[in-house]
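Reviewing the structure listed below.
Model, not experiment: these values are computed from the prediction. In what follows, every heavy atom counts, from backbone to side chain, and hydrogens, waters and symmetry copies are set aside.
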Amino acid sequence: MKKLIFLPLFFFTVLQLSAQNKYEQESKISFTNVPEKARLFVSKIIQSKKVKWYKEQSNNGISFEAKSKFKGKKYSIEFDTNGTIEDIEIEKKWNDLPKTIQQNIINSLQNTFIKHKIRKIQIQFSAEEKDLINYFKDDIKNNITVKYEIVVKGKTDSGKYLFELLFNHTGQLEATSKIVFRNTDNIEF
């Protein structure tokens, strides 16, 4: 009887550990290989001719991503394979975050890591397409979910790694993923 209980628990634990790793591989593609729905959405948010398109393969599947700099901000807009918006991320500096958010994030980082260094901060916006367009064009904040995605070089008992942490709108930690590089072709801004 103990063997029957032990094996499923062991199997479940192994699956849980592998789900905590984040794999991503981006490859640059032509805008003609992107779903039209995604291209139209980006044109409504960013009025820039310099939009770079990427196909991203990760442990979550395949997606398309538009990257651009617009009005001094770095945008990353992600879509599923049908061109449906998943989220918009804008890179920010630490001092751009509200003090209460900063404090909640710092508390989480200190409880999670022996030592840490923040490498990248992005504010993530998700909602229905029409709500995101209203927010970015007219600053109408209806139905917008705001989260903070932070890449951290963190030291734990098992070593130093890069992690991606996702915080909710109040700065409470929701998810932690260890970034695992499968290929050296990962692209950053």
Do [X] and [Y] sit in the same hydrophobic cluster, where Ile, Leu, Val, Met, Phe, Trp and Tyr count as joined when their side-chain heavy atoms come under 4.5 Å apart?
X	Y	result
W53	L40	no
V151	L166	no
V146	I140	no

Under a 3.5 Å distance rule, please check whether [X] uses its side chain to pair with a backbone N or O of [Y] as donor and acceptor.
X	Y	answer
E164	S177	no
S68	K50	yes
Q172	N104	no
N168	E174	no
D80	N82	yes

Please find the pair of heavy atoms, one from [X] and one from [Y], that lie closest to each other, and give the distance.
X	Y	result
L165	T176	CD2-OG1, 3.9 Å
K44	K137	O-CE, 3.2 Å
D87	S126	CB-CB, 4.3 Å
H169	Y148	O-CE1, 3.9 Å
I118	I121	CG2-CG1, 3.7 Å
L132	A127	CD1-O, 3.6 Å

Nearest-0.5 Å distance, [atom1] of residue [X] to [atom2] of residue [Y]:
X	Y	atom1	atom2	value
K130	N134	NZ	CG	7.5 Å
Q57	I62	CD	CD1	5.0 Å
Y75	F136	OH	CZ	5.5 Å
I150	F167	CD1	CZ	5.0 Å
F125	I85	CZ	CD1	12.0 Å
I106	L97	CD1	CG	10.0 Å

Subject >> CD (E128) with more than 12 external heavy atoms under 6.0 Å >> reply: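 Count not over threshold, so no.
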Subject >> Heavy-atom neighbours of Q47 CD exceed 12 at 6.0 Å >> reply: yes
**OP:** Give a yes or no on whether a salt bridge exists between K52 and E26, defined as a side-chain N under 4.0 angstrom from a carboxylate O.
**Re:**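 No salt bridge links K52 with E26.
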**OP:** Determine whether the side chains of S48 and K69 contain a donor N or O and an acceptor N or O closer than 3.5 Å.
**Re:** no
**OP:** Would you sort out whether K55 and F64 count as a side chain to side chain contact (heavy atoms under 4.5 Å, CB included), showing the intermediate values?
**Re:** CA-CA 5 Å; K55 184 176 184 179; F64 293 99; 4.2 Å; yes
**OP:** Evaluate the side chain to side chain contact (heavy atoms under 4.5 Å, CB included) criterion for residues F163 and H116: first the C-alpha distance (whole Å), next the side-chain angles of each, then the deciding distance (0.1 Å), finally the verdict.
**Re:** CA-CA 10 Å; F163 293 90; H116 66 274; over 6 Å; no
**OP:** Apply side chain to side chain contact (heavy atoms under 4.5 Å, CB included) to Y161 and T156, showing your working.
**Re:** CA-CA 8 Å; Y161 303 98; T156 64; 4.3 Å; yes
Original post:
Within 45° of the axis and under 6.0 Å from the centre of the six-membered ring of F79, does NZ or CZ of K37 qualify?
Top reply: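 No.
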**OP:** Please list, chain by chain and in numerical order, all residues satisfying side-chain contact (heavy atoms from CB on, under 4.5 Å) with D96, sequence neighbours excluded.
**Re:**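 side-chain contact (heavy atoms from CB on, under 4.5 Å) check on D96 returns K92, K93.
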**OP:** Please test K141 against D139 for side chain to side chain contact (heavy atoms under 4.5 Å, CB included), starting from the C-alpha separation and ending with a verdict.
**Re:** CA-CA 6 Å; K141 297 179 180 170; D139 201 30; 3.6 Å; yes
